[in-house]
Peer 1: 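One structure coming up, written as structure tokens, with questions to follow.
The basis for the numbers below is simple: all heavy atoms, side chains too, and nothing from hydrogens, waters or symmetry mates. Just so we're on the same page: letters track the sequence lines, and every chain starts at 1. What you are looking at is a predicted structure, and each value in this text was computed from that prediction instead of being measured.
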There are 2 protein chains.
Amino acid sequence: MSSTEAIRVGPGFASEFPGAVASSAEVLANVVRTTTELLNEVQRRRAAIAPVSASAFQALAVIEGAGEALPSHVIADRLLVSTASMTSLLDTLERRGFAARRPHPNDRRKILVEITDDGRLVVDQMLPVVHAAATEAFSGLTETERKLLIDVLTRVRGQVSEMAASEPVPPKPRRKPKRA
Amino acid sequence: MSSTEAIRVGPGFASEFPGAVASSAEVLANVVRTTTELLNEVQRRRAAIAPVSASAFQALAVIEGAGEALPSHVIADRLLVSTASMTSLLDTLERRGFAARRPHPNDRRKILVEITDDGRLVVDQMLPVVHAAATEAFSGLTETERKLLIDVLTRVRGQVSEMAASEPVPPKPRRKPKRA
DNA sequence: TATTGTTATACTCTATAACTATA
DNA sequence: TATAGTTATAGAGTATAACAATA
């Protein structure tokens, strides 16, 4: 049973890491921890329905949500994985009978990935579970807080996007404190 | 280049998933996406220093942060992994020379995992990078917003903790819409 | 009996590099 | 030349079950 108090940095943080912002370090730690625990719980509930991995479910949800067969690289883009990883993931989905490849009618380099009836069944059973888990997880927030949270996260995502596009500035080195 | 607009659910959500809250589904999607992109960027920066996996770094940071050698299961608890996975992770860390096992002086069932000088060097180099990334990622928020975000995340974590402790309520089934 | 850690086993995810086919 | 996908290769992470040693 992990405690549900906020994760905090120690009092020496500011002098130990010059230039770093303590509350930002704390936000990082807390957002990662919260997301991890949330995903673990969602995965636990999905697993009760069928043994499908998170990535496999995500891929199925993308295809089903699109309402049409999609080229492999489109799914790879949405899942943030390489095309080679996507090939492997599609192999798994096909072996399990949840998706199928078929040739693209116009462009012979491409394939189209379609979801099967079995795959659709999995998505139909799992989506309500996922949405119910989300509803329960965020039921302690007001509608206003949820809207605000989405807005804040989106701003952060824009900033991260810029960071990914540029070389990072070398941070100031750690100043190690004395230790018992 | 993924867009940095907020992830939204479609207009038919409410009727398609009775009982589910749209903004909660949106928070889930956005928090997972933001965290994933953030972790990818942090990992990219860490990888520029040394080829250490996220889990390996986390384990090293836990030991270093404790300021003393720790039993294996304590580290496993903090990383939310099984003890068997921890054994595997420790094998990797030991092989790379970043950590070492030694017998517990009082309890012969236990081992103590200590960080080596090389491991300490890795942590000392990576922590400033991680904190700098966090500082940059959340620089678009005010200090008040960061405090608020930590508070909100902590409340969510408490709720998730309760969810993990009880059997989930079966959600209402999906009501599939017509599709073109 | 309960706790700690390891072994055995197996599977998934992921990436990079090299390659083929097609546009 | 650029794009789409596969193959080959490799490594990491993770879990469950069975087990040994110790408390």
Side-chain angles (χ1 to χ4, degrees), chain A residues 1 32 36-37 39-44 46-48 50-60 62 69-96 98-114, chain B residues 1 32 36-37 39-44 46-48 50-60 62 69-96 98-114:
Chain A
M1 180 75 58
V32 170
T36 301
E37 293 180 1
L39 286 178
N40 281 350
E41 176 61 16
V42 169
Q43 175 61 24
R44 185 177 78 94
R46 276 201 309 246
V52 174
S53 75
S55 290
F57 169 73
Q58 251 193 305
L60 288 179
V62 164
L70 296 175
S72 176
H73 74 276
V74 172
I75 309 172
D77 281 353
R78 304 237 190 128
L79 264 55
L80 305 178
V81 298
S82 68
T83 60
S85 296
M86 198 63 227
T87 295
S88 166
L89 191 50
L90 290 180
D91 289 344
T92 301
L93 286 174
E94 231 174 10
R95 178 164 33 84
R96 299 264 182 98
F98 296 144
R101 292 169 167 100
R102 58 179 169 83
H104 190 289
N106 306 331
D107 189 335
R108 292 171 62 187
R109 293 172 305 179
K110 299 181 184 174
I111 58 164
L112 287 177
V113 184
E114 60 190 4
Chain B
M1 181 73 58
V32 169
T36 301
E37 294 180 0
L39 285 179
N40 282 350
E41 176 60 15
V42 169
Q43 175 61 25
R44 186 178 77 94
R46 274 199 310 244
V52 173
S53 76
S55 289
F57 169 73
Q58 251 193 308
L60 288 179
V62 164
L70 296 175
S72 177
H73 75 276
V74 171
I75 309 172
D77 281 354
R78 304 237 189 127
L79 266 53
L80 305 178
V81 299
S82 68
T83 60
S85 297
M86 198 64 228
T87 295
S88 166
L89 191 50
L90 289 180
D91 288 345
T92 301
L93 287 173
E94 231 174 10
R95 177 165 33 81
R96 300 263 182 99
F98 295 144
R101 292 169 166 101
R102 58 180 169 83
H104 190 289
N106 306 330
D107 189 335
R108 293 171 61 187
R109 291 171 307 180
K110 299 182 184 174
I111 58 164
L112 287 177
V113 184
E114 59 190 3

Peer 1: Taking only residues two or more places apart in sequence, or in another chain, which ones meet B:T83 in a side chain to side chain donor-acceptor pair (under 3.5 Å)?
Peer 2: none
Peer 1: Verify the contact: side-chain N or O of A:H73 to OP1 or OP2 of D:dG5, cut-off strictly under 4.0 Å; return yes or no.
Peer 2: yes
Peer 1: Starting at the 5' end of nucleotides 18-23 of chain D, put B wherever the base has a protein heavy atom under 4.0 Å, S where only the sugar-phosphate does, and a dash everywhere else.
Peer 2: ----BS
Peer 1: Take the protein atom NE2 of A:H104 and the nucleotide atom P of D:dA4, then report the distance between them rounded to whole Å.
Peer 2: 10 Å
Peer 1: Sequence neighbours excluded, which residues qualify as salt bridge (Lys or Arg N to Asp or Glu O under 4.0 Å) partners of B:R101?
Peer 2: B:D91, B:E94
Peer 1: Looking at residues at least two apart in the chain, or sitting in another chain, which of them share a side chain to side chain donor-acceptor pair (under 3.5 Å) with A:T87?
Peer 2: none
Peer 1: Under the side chain to side chain donor-acceptor pair (under 3.5 Å) test, which residues partner A:S88, sequence neighbours left out?
Peer 2: none
Peer 1: State which residues pass salt bridge (Lys or Arg N to Asp or Glu O under 4.0 Å) with A:R95; sequence neighbours excluded, sorted by chain then number.
Peer 2: none
Peer 1: For B:V42, enumerate each residue passing the side chain to side chain contact (heavy atoms under 4.5 Å, CB included) test, keeping only those at least two apart in sequence or located in another chain.
Peer 2: B:R46, B:V130, B:A133
Peer 1: Keeping to residues at least two apart or across chains, list the salt bridge (Lys or Arg N to Asp or Glu O under 4.0 Å) pairs with something in residues 71-85 of chain B.
Peer 2: none
Peer 1: For the pair made of CD in B:Q43 and C1' in C:dA15, what is the distance, rounded to whole Å?
Peer 2: 12 Å
Peer 1: At a heavy-atom distance below 4.0 Å, what parts of residues 82-91 of chain A sit against DNA chain C?
Peer 2: A:S82, A:A84, A:S85, A:S88, A:L89
